[in-house]
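Working notes, beginning with the structure itself.
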Amino acid sequence: MVNLNSQDDKKSLHFLEQIIEQDLVSNSKVLTRFPPEPNGYLHIGHAKSICLNFGLAQKYGGECNLRFDDTNPTKEEVEYVDSIKEDVQWLGFQWARELYASDYFEQLYEWAVLFIKKGLAYVCHMTAQEVSDSRGTPTVPGKESPYRNRSVDENLMLFTRMKNGEFQEGECMLRAKIDMASPNMHMRDPIMYRIRYAHHHRTGNDWCIYPMYDFAHGQSDFIEGITHSFCTLEFEVHRPLYEWFLEYIAEPGQAVPKQREFARLNLNYTVMSKRKLLQLVEEKHVNGWDDPRMPTISGLRRRGYTAESIRTFANKVGVSKRENVIDVALLEHCVREDLNSTSARVMAVTDPLKIILTNYPENTTETVYGIINPENPNSEKRAIPFSRELYIERADFMEDAPKKFFRLAPGREVRLKNAYIIMCNEVIKNENGEIIELHCSYDPLSKSGSGTEEAQRKVKATLHWVSIADAVQTEIRLYDRLFTVENPLNTNEQEDFLSYLNPESLQIATAYIEPSIQNAQIGDRFQFERIGYFCVDKDSTTEKLVFNKTVGLRDTWAKVQNK
RNA sequence: UGUCCCGUGGUGUAAUGGUAACACUACUGGUUUUGGUCCAGUCAUUUAAGGUUCGAAUCCUUACGGGACAACCA
């Protein structure tokens, strides 16, 4: 498992760390948990929670459990369980125990009976509509259920019959008897158990009654001996209920878990709710949960993000209780920083313009050498074939170049990276006036690394290139933000978030790459020099490599152009 | 006219009664055989008004602003 602590140096403590350190005085061990519901794939927001829960346990010498909150069989599937486990491990964490709330169904049932016996729970026969109507509103108190004051014996008998399948779905439920006038809606006789004739991914058809979140989560924490139960802000109003149940379950003086809440992660130009992500998948606006445009962990992984960069990101966004929207530029910065120091360089032309070196011998190929990774002082070199006919990037040539354009233009010189300095002598056009090729001459004395006076000549630009005869033709998938606006949820009445989908979020193109790319394996990451970071997609075949663009290099020239 | 939570540069996070700091973004400039990387610099009277104090981003009061809560979801 990765060790996060090395990154911590002398940073000040965030508020959850402060809480833990105060508790450490009386408590010896920190036990946390990451509690996903297996009803969807994990996203970058979950990554923050994972890094927090596992990281805190690690920092304070404790442990972190992976616990699936699987109390709603109608929405949960094994596929999601498997993907969640894969994602957590890929991120670099290993749980102490793999657990399921459904493991505790028997115990939870017994506790429910205990609440009935104490006169703190009752079976209620109101319909969903009646429950809703009688609950009141945040400003208006609710009304008590007519079934509220049944005898303990009758409740016991009824609850047993619920468990035995003697009622239909929706016919009745078990409710906690708290306070219908509480200003906290969650204390207005919340539902503890409901009837569901659904197959559960673990317990099969053993049960037809299932506990609600509020009667399962805190109890599960308690059973496992969790010391700190960290969750997102929307559960803050559940805290009194979390504590209310535990108060009657724990023995006097027995330690109970402490729930504390932090702000969830939001990223601009995307959505972060599982429901909306599921909708994107089901309605096929994207190609599955692991579509590289998705903010899911599996999507980011396929896109080429490293686990390291996501952990760094989670660390940099911080932890607090303020609503926040993180600029996706920070995520991109984190992955660039990692990939810059680790990825092999390669030259790839994505929009080719043919050039012919008129003074270079025909039918000749020579080998030039490039450094695989200039950030690594011990980097090896790679061999690159050079010849008379080359491709350069179309954007690297302008016929009428403004002063600020440093690249190739008629009568101007540039260096071909790792090779020679060339000059553009002639622009060849077709009958439509489109530029189809350039005739250039090269300076034989200017070869890279030769140390000659000519080679040390200063030129304004260095271009990447590829020898046409030796290039490997590949598919590249270029991604842009999935949504055109920073907050797709901020819609006016007649639109929904789908209307802000970016129609150009995926573009497919061809890249011609130097032949050293031939041995690339699925998942390998490269920097296409001067373009960006790419990784080999799983759709690659022996005939054709497919690359995903992870993120572009910072592009100062694009900014200058846009002014 | 409810309860709870939160207000610090464009964005996030620090400063825990004693000089508002760091990161990202943006913009300047330098280095560079990647217009990348790297390096240097610029960008805030801490929502407002009162109060306590020698001293307030920090404590108190009020106002204003934002968010959560009315699923047999989690």
Side-chain angles (χ1 to χ4, degrees), chain A residues 11-14 18 35-37 39 69-72 74-76 101 124 126-128 131-133 135-142 169-175 182-188 190-196 210 212-214 216-217 231-240 261 263 268 274-275 316-327 329-334 336-337 340-341 345 347 370-371 374-375 404-407 414-419 421 448-449 455-456 458-464 527-532 552-561:
Chain A
K11 268 177 65 180
S12 55
L13 303 177
H14 60 67
Q18 290 175 24
E37 183 189 13
N39 67 342
D69 230 333
D70 56 349
T71 57
N72 184 359
T74 61
K75 290 186 178 174
E76 294 150 7
C124 178
M126 292 202 288
T127 64
V131 171
S132 175
D133 291 346
R135 203 188 300 278
T137 70
T139 54
V140 177
E169 276 188 21
E171 203 176 336
C172 56
M173 68 203 123
L174 185 71
R175 288 231 252 172
S182 170
N184 183 335
M185 300 289 288
H186 296 278
M187 300 301 274
R188 321 241 265 226
I191 297 166
M192 296 165 66
Y193 266 91
R194 77 297 212 181
I195 297 169
R196 283 277 177 281
Y210 291 92
M212 300 287 289
Y213 166 85
D214 287 307
H217 198 99
C231 58
T232 44
L233 248 28
E234 67 269 27
F235 292 99
E236 198 158 26
V237 282
H238 292 246
R239 192 154 105 197
E261 311 80 15
N268 57 12
K274 273 201 260 182
R275 216 198 97 245
K316 287 190 190 229
V317 296
V319 182
S320 75
K321 298 188 73 163
R322 293 165 62 174
E323 297 289 334
N324 60 82
V325 182
I326 308 293
D327 193 335
L330 180 61
L331 218 209
E332 293 177 343
H333 166 263
C334 290
R336 280 196 196 101
E337 184 180 49
N340 177 52
S341 61
R345 314 286 133 127
M347 291 196 287
I371 297 171
E375 299 297 311
K404 293 211 166 191
F405 185 82
F406 302 154
R407 283 112 92 149
V414 295
R415 172 172 290 284
L416 296 180
K417 176 109 180 166
N418 305 314
I421 292 173
S448 288
Q456 289 171 56
K458 293 289 178 198
V459 289
K460 282 278 218 174
T462 301
L463 308 186
H464 63 277
Q527 183 198 101
F528 291 1
E529 293 200 80
R530 301 211 304 133
I531 300 176
L553 257 27
R554 288 188 68 216
D555 192 349
T556 309
W557 169 237
K559 287 175 192 165
V560 173
Q561 273 181 310

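Every chain is numbered from 1 and lettered A, B, ... according to where its sequence line falls, protein lines coming before strand lines. Values reported hereafter were calculated over all heavy atoms of this structure, with side chains retained and with hydrogens, waters and symmetry mates removed.
For the OP1/OP2 pair of B:rG12 and a distance below 4.0 Å, the side-chain nitrogens and oxygens of A:Lys316 include no atom meeting the criterion.
For the residue pair A:His217 and A:Asp69, the shortest heavy atom distance occurs at ND1-OD2, 2.6 Å. In plain terms, the two heavy atoms of A:Arg415 and A:Ser448 that are nearest each other are NH1-OG, 3.0 Å. Minimum heavy-atom separation, A:Thr137 to A:Arg188: O-NH2, 2.6 Å. Looking at every heavy atom in both residues, A:Tyr210 comes nearest to A:Thr71 through CB-O, 3.5 Å. In plain terms, the two heavy atoms of A:Ile191 and A:Arg175 that are nearest each other are CG1-CD, 4.1 Å. Of all heavy-atom pairs between A:Ala263 and A:Asn324, the closest is CB-ND2, 3.6 Å.
The pairing partner recorded for B:rG9 is none, the criterion being a Watson-Crick or G-U wobble arrangement whose two distances lie under 3.5 angstrom. Of the nucleotides present, none pairs with B:rC73 by Watson-Crick or G-U wobble criteria with both distances under 3.5 Å. Shown here, B:rU62 forms a base pair with B:rA48; the pair counts as Watson-Crick or G-U wobble because both key distances fall under 3.5 Å. Remark: B:rU34 base-pairs with no nucleotide in the shown strands. Criterion, Watson-Crick or G-U wobble with two distances under 3.5 Å. A 3.5 Å limit on both hydrogen-bonding distances identifies no Watson-Crick or G-U partner for B:rA57. Nucleotide B:rU16 is matched to nothing when pairs are restricted to Watson-Crick or G-U wobble geometry with both distances under 3.5 angstrom. In this structure, B:rU3 forms a base pair with B:rA68, meeting either the Watson-Crick or the G-U wobble geometry with both donor-acceptor distances under 3.5 Å.
Across all strands shown, A:Ile371 has no heavy atoms under 4.0 Å from either base or sugar-phosphate atoms. No engagement by A:Lys274 is indicated, since no non-hydrogen atom pair under 4.0 Å with the nucleic acid exists. A:Val459 comes within 4.0 angstrom of no nucleic acid atom, judged by non-hydrogen atoms across all strands.
Using cut-offs of 30° and 60° on the angle between ring planes, the pair A:Tyr213 and A:Phe235 is tilted.
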(request) Apply side-chain contact (heavy atoms from CB on, under 4.5 Å) to A:Phe405 and A:Lys460, showing your working. (result) CA-CA 9 Å; A:Phe405 185 82; A:Lys460 282 278 218 174; over 6 Å; no
(request) With side-chain contact (heavy atoms from CB on, under 4.5 Å) as the test, would you mind laying out the steps for A:Leu553 and A:Glu529 before giving the verdict? (result) CA-CA 9 Å; A:Leu553 257 27; A:Glu529 293 200 80; over 6 Å; no
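When rounded to the nearest whole Å, the span between CG of A:Leu330 and P of B:rG12 equals 11 Å. One can place CG of A:Asp327 at 14 Å from C1' of B:rG9, the figure rounded to the nearest angstrom. Across the protein-nucleic acid pair, A:His14 atom NE2 and B:rC6 atom P stand 16 Å apart, rounded to whole Å. The nearest whole Å value for the distance from the CG atom in A:Asn324 to the P atom in B:rG10 is 17 Å.
Here the side chains of A:Arg554 and A:Glu332 are not in contact, with every heavy-atom distance at 4.5 Å or above.
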(request) Mark up nucleotides 30-44 of chain B, 5' to 3', with B wherever a protein heavy atom is under 4.0 angstrom from a base atom, S wherever such an atom reaches only the sugar-phosphate, and - elsewhere. (result) ---BBBBS-------
(message) What does the B/S/- profile of nucleotides 65-74 of chain B look like, 5' to 3', with a 4.0 Å heavy-atom cutoff to protein?
(response) --SSSBSBSB
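With both ends at atom C1', the span from B:rU61 to B:rU53 equals 16 Å, rounded to whole Å. Between B:rC54 and B:rU11, the distance separating the two C1' atoms is 37 Å to the nearest Å. B:rU28 and B:rG66 are spaced 35 Å apart, taking the C1' atom of each and rounding to whole Å. With both ends at atom C1', the span from B:rU52 to B:rC60 equals 7 Å, rounded to whole Å. Across the C1' atoms, B:rA44 and B:rU19 are found 15 Å apart, a figure rounded to whole Å. B:rA20 and B:rA15 are spaced 7 Å apart, taking the C1' atom of each and rounding to whole Å. Nucleotides B:rG67 and B:rG55 place their C1' atoms 34 Å apart, quoted to the nearest Å. For the P atom pair drawn from B:rA26 and B:rC59, the interatomic distance equals 35 Å after rounding to whole Å.
A salt bridge does not link A:Lys75 to A:Glu37: none of the charged nitrogens lies less than 4.0 Å from a carboxylate oxygen.
Checking A:Ser320 against A:Thr139, the closest nucleotide of RNA chain B that is more toward the 5' end is the one next to A:Thr139.
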